[in-house]
Amino acid sequence: MPITAASVILKFKSEEEDNIRQALQKFSQVSIEEQAPSGDLILYVEENDYQSLHKTCSELEKIPGTLGVYPCYVGEAE
């Protein structure tokens with residue numbers, strides 16, 4: 001079964017970083033890969049299909065303090 005994955009930049013209010021990181025732990029399909037020099041978090045998101053990936057990104061946008069969720073790469077792998 002193919003896996004749909006994305007690399008995502010999550011922009012947030014700097015004072016909310018601890019809360020953002022804590023909230024991200026609730027997403028088993030999301031991992032923090034790196035923190036950009038700008039402070040943004042670079043995430044890796046894995047789902048079963050594009051619809052689920054879109055839903056997860058929409059949920060990430062709802063985390064208090066989030067300013068935006070920006071996919072950089074989206075693809076499928078077997």
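Classification of K55 and E59 as a salt-bridged pair fails, no side-chain N sitting under 4.0 Å from a carboxylate O.
Taking CG from L53 and CD from E47, the interatomic distance works out to 6.5 Å, rounded to the nearest 0.5 Å. Atom OG of residue S28 and atom CD of residue E46 lie 10.0 Å apart, to the nearest 0.5 angstrom. For the atom pair OG1 of T56 and CZ of F27, the computed distance is 7.0 Å after rounding to the nearest 0.5 Å. We find the OG-CD distance between S52 and Q29 to be 9.0 Å, quoted to the nearest 0.5 Å.
Side-chain atoms of T66 and E61 include no donor-acceptor pair closer than 3.5 Å. Of the N and O atoms on the side chains of S31 and E33, at least one donor lies less than 3.5 Å from an acceptor on the other residue.
Counting heavy atoms from C-beta outward, Y50 and V74 have side chains that approach closer than 4.5 Å. At a threshold of 4.5 Å between non-hydrogen side-chain atoms, the residues I63 and L24 count as touching. At least one side-chain heavy atom of L60 sits less than 4.5 Å from a side-chain heavy atom of L43. Put simply, the side chain of Q35 does not reach to within 4.5 Å of the side chain of D40, judged on heavy atoms.
For E15, the CD atom sits in a packed shell: over 12 heavy atoms of surrounding residues, nucleotides or ligands are nearer than 6.0 Å.
With hydrophobic clusters built from ILVMFWY side chains whose heavy atoms lie under 4.5 angstrom apart, I32 shares a cluster with L10.
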(request) Check the pair C57 / V8 against side-chain contact (heavy atoms from CB on, under 4.5 Å), numbers first and verdict last. (result) CA-CA 9 Å; C57 288; V8 175; 4.3 Å; yes
(message) Apply side-chain contact (heavy atoms from CB on, under 4.5 Å) to residues Y44 and V30 and explain how you reach the verdict.
(response) CA-CA 6 Å; Y44 180 75; V30 176; over 6 Å; no
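Of all heavy-atom pairs between I20 and P64, the closest is CD1-O, 3.5 Å. Residues T4 and D49 share a closest heavy-atom pair of OG1-CA, 3.4 Å.
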